[in-house]
Trainee: 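Please read through the structure below; I'll follow up with questions.
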Amino acid sequence: MNKLSVSKISVVIPTLNEQSNISRSLKFFANHERRDLIEVIVVDGGSKDGTVEEITTYDGVILLKSKIACRAVQMNLGAARATHDILYFVHADVILPDTFFDDIMKAVKTYKVGGYRYQFDSDKILLKFNAFCTRFPMAWCGGGDQTLFITNELFQALNGFDERYCVMEDFDLVRRSKRFAKYHIIPKNVMVSARKYDGNGYFKVQIANLKAFKMFRRGIDPREIRAYYKEALSLEDY
């Protein structure tokens with residue numbers, strides 16, 4: 001681990017076939033008013049669609065390649081490369097508020113770990129209800145779509161993401177972090193994609209999410225959870 005800098009953020013983005021989203025995300029950071037205080041690390045899990053080629057067009061972005069397509073593995077690789085004292089894990093298809101840097105800096109004065117509420121890029125009423133629930137700290141309301149900030153110190157104390165979790169890795173990390181710190185929800189929204197719901201239908205996704213979460217709580221092997229989820233929702237890149 002390199003010497004840590006103060007009041008800077010290392011953004012870690014895991015990717016797998018995200019060519020249609022990663023450019024928008026990287027443009028956001030490249031044009032951000034705090035860009036000199038932001039380190040962007042993208043860790044690709046073996047994309048076949050031109051994601052890597054797209055990333056290489058952005059100066060200053062650190063590109064790492066993971067031999068394993070697993071978000072826990074990818075995000076740990078990114079965190080190991082990070083040089084700043086705050087880590088911020090972001091999915092490639094999430095749109096952040098322009099104020100994200102100041103929001104996190106304000107939050108970490110009191111809290112060591114947290115995320116945002118979110119809203120979907122959809123006007124469907126049922127998805128608005130789902131989004132409303134993310135303002136509450138119940139475990140089943142969370143997940144990686146909320147993004148996750150955590151101090152590097154706490155992340156190291158937790159030994160990072162548990163790489164056994166090829167799915168639900170974010171739930172596991174937050175659950176373990178609560179033994180040491182209170183999880184904070186920043187009272188603003190990030191915008192997340194509704195593509196999973198568009199492709200499978202609201203109730204099908206909800207049932208799959210609920211079953212996967214119950215399996216997680218029961219300690220079922222993450223590989224079994226992942227296999228169930230991929231089959232239930234016909235997901236290729238998961």
Side-chain angles (χ1 to χ4, degrees), residues 4-15 18 20-43 54-55 58-62 71 75 78-79 81-124 127-138 141-155 170-171 173-174 177-178 181-195:
L4 299 180
S5 303
V6 177
S7 300
K8 295 184 180 181
I9 294 178
S10 291
V11 177
V12 179
I13 308 173
T15 57
E18 289 286 0
S20 61
N21 292 305
I22 193 61
S23 182
R24 179 185 61 194
S25 182
L26 297 182
K27 282 181 182 177
F28 172 82
F29 293 114
N31 296 324
H32 198 275
E33 62 180 2
R34 303 282 192 169
R35 58 186 176 275
D36 293 338
L37 301 176
I38 302 167
E39 175 181 58
V40 179
I41 304 169
V42 182
V43 188
E54 191 71 32
I55 295 167
Y58 287 85
D59 293 334
V61 174
I62 299 169
R71 284 198 298 257
M75 291 188 290
R81 176 64 175 79
T83 60
H84 299 330
D85 54 341
I86 301 167
L87 302 173
Y88 188 37
F89 298 98
V90 179
H91 288 181
D93 62 350
V94 171
I95 300 175
L96 305 179
D98 290 337
T99 58
F100 90 94
F101 185 92
D102 293 332
D103 294 340
I104 293 175
M105 285 303 171
K106 179 180 178 181
V108 296
K109 291 179 180 178
T110 306
Y111 303 97
K112 296 181 179 181
V113 59
Y116 280 88
R117 305 180 312 202
Y118 66 68
Q119 66 185 88
F120 287 97
D121 58 355
S122 169
D123 292 328
K124 294 179 180 178
L127 291 182
K128 288 184 177 181
F129 172 75
N130 276 31
F132 177 80
C133 291
T134 63
R135 68 190 59 215
F136 303 113
M138 292 88 75
C141 292
D145 286 336
Q146 285 184 281
T147 71
L148 177 72
F149 73 82
I150 185 169
T151 64
N152 210 324
E153 180 181 23
L154 177 56
F155 187 80
D170 37 20
F171 289 93
L173 184 73
V174 169
S177 74
K178 289 180 178 178
K182 183 178 180 180
Y183 182 85
H184 176 64
I185 300 175
I186 297 172
K188 293 183 181 180
N189 295 329
V190 295
M191 180 77 74
V192 305
S193 172
R195 58 183 174 174

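Along the sequence shown, residues carry numbers from 1. Note that these values count all heavy atoms, side chains included, but never hydrogens, waters or copies made by symmetry.
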Trainee: Nearest 0.5 Å please: distance from the CD atom of E54 over to the CD1 atom of I22.
Mentor: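 Going from CD on E54 over to CD1 on I22, the span is 8.5 Å.
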Trainee: So which heavy atom on D93 is nearest to which on S193, and how close?
Mentor: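 What the structure gives for the nearest pair is OD2-CB, 3.5 Å.
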Trainee: Can you measure from CE (M105) to NZ (K8) and round to the nearest 0.5 angstrom?
Mentor: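 If we round to the nearest 0.5 Å, M105:CE and K8:NZ are 10.0 Å apart.
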Trainee: Taking atom types as modelled, is there a side-chain donor on S23 or Y58 under 3.5 Å from an acceptor on the other?
Mentor: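 There is such a pair between these side chains.
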Trainee: Carefully, step by step, assess V42 and L26 under the rule side chain to side chain contact (heavy atoms under 4.5 Å, CB included).
Mentor: CA-CA 9 Å; V42 182; L26 297 182; 4.0 Å; yes
Trainee: Could you tell me which non-hydrogen atom of K112 sits nearest to which non-hydrogen atom of A181, and how far apart they are?
Mentor: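 In this case the closest contact between K112 and A181 is CB-CB, 4.1 Å.
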Trainee: Grab the two heavy atoms, one from L87 and one from A82, that are nearest each other, plus how far apart they are.
Mentor: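 Taking every non-hydrogen atom into account, CD2-CB, 3.5 Å.
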Trainee: Could you walk me through whether Y118 and F120 pass the ring-ring contact (aromatic ring centres under 6.0 Å, His included) test, one step at a time?
Mentor: CA-CA 7 Å; Y118 66 68; F120 287 97; 5.3 Å; yes
Trainee: Looking at side-chain heavy atoms only, is the closest gap between I62 and R81 below 4.5 Å?
Mentor: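 Touching, per the 4.5 Å side-chain cut-off.
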Trainee: Checking H32 side chain against D98 main chain: does a donor-acceptor pair fall under 3.5 Å?
Mentor: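 Yes; judged by distance alone, with no hydrogens or angles, the pair exists.
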Trainee: Test F89 against every option in I150, V11, I13, T147 by the side chain to side chain contact (heavy atoms under 4.5 Å, CB included) rule and name the one that passes.
Mentor: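 Of the listed residues I150, V11, I13, T147, the side chain to side chain contact (heavy atoms under 4.5 Å, CB included) partner of F89 is I150.
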Trainee: Decide if atom CG of N31 counts as having more than 12 heavy atoms of other residues, nucleotides or ligands within a radius under 6.0 Å.
Mentor: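 Counting neighbours around CG of N31, more than 12 heavy atoms of other residues, nucleotides or ligands fall under 6.0 Å, so yes.
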Trainee: Please report the closest heavy-atom contact between A30 and R35, naming both atoms and the distance.
Mentor: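 Scanning both residues, the minimum pair turns out to be O-CD, 3.0 Å.
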Trainee: Hey, does the side chain of R24 reach the backbone of V94 with a donor-acceptor pair shorter than 3.5 angstrom?
Mentor: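 Looks like no, no N/O pair under 3.5 Å.
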Trainee: Apply side chain to side chain contact (heavy atoms under 4.5 Å, CB included) to the pair L96 and F29, showing each step before the final yes or no.
Mentor: CA-CA 10 Å; L96 305 179; F29 293 114; 3.7 Å; yes
Trainee: Would you name the heavy atoms of N189 and P97 that are closest together and state the gap between them?
Mentor: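 Residues N189 and P97, closest heavy atoms: O-CD, 3.8 Å.
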Trainee: Can you name the side chain to side chain donor-acceptor pair (under 3.5 Å) partners of E39, sequence neighbours left out?
Mentor: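 Scan of E39 (side chain to side chain donor-acceptor pair (under 3.5 Å), adjacent residues dropped) gives S10, T83.
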Trainee: Hey, are H84 and N152 close enough side-chain-wise for a donor-acceptor pair under 3.5 Å?
Mentor: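 The answer is no; no qualifying pair exists.
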Trainee: Give me the atom names and distance for the closest heavy-atom approach of G115 to F149.
Mentor: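 Of all heavy-atom pairs spanning G115 and F149, the closest is N-CE2, 3.7 Å.
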Trainee: I'd like to know if E18 and R195 make a salt bridge, using a cut-off of under 4.0 Å between side-chain N and carboxylate O.
Mentor: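 Salt bridge flag = yes for R195 with E18.
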Trainee: Taking T99 as the fixed residue, which of R34, K106, K188 is the one that meets the side-chain hydrogen bond (donor to acceptor under 3.5 Å, both in side chains) rule?
Mentor: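 The side-chain hydrogen bond (donor to acceptor under 3.5 Å, both in side chains) with T99 is passed solely by K188 among R34, K106, K188.
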Trainee: With sequence neighbours excluded, tell me which residues meet side chain to side chain contact (heavy atoms under 4.5 Å, CB included) with S177.
Mentor: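 Listed in chain order: V113, L154, L158, V174.
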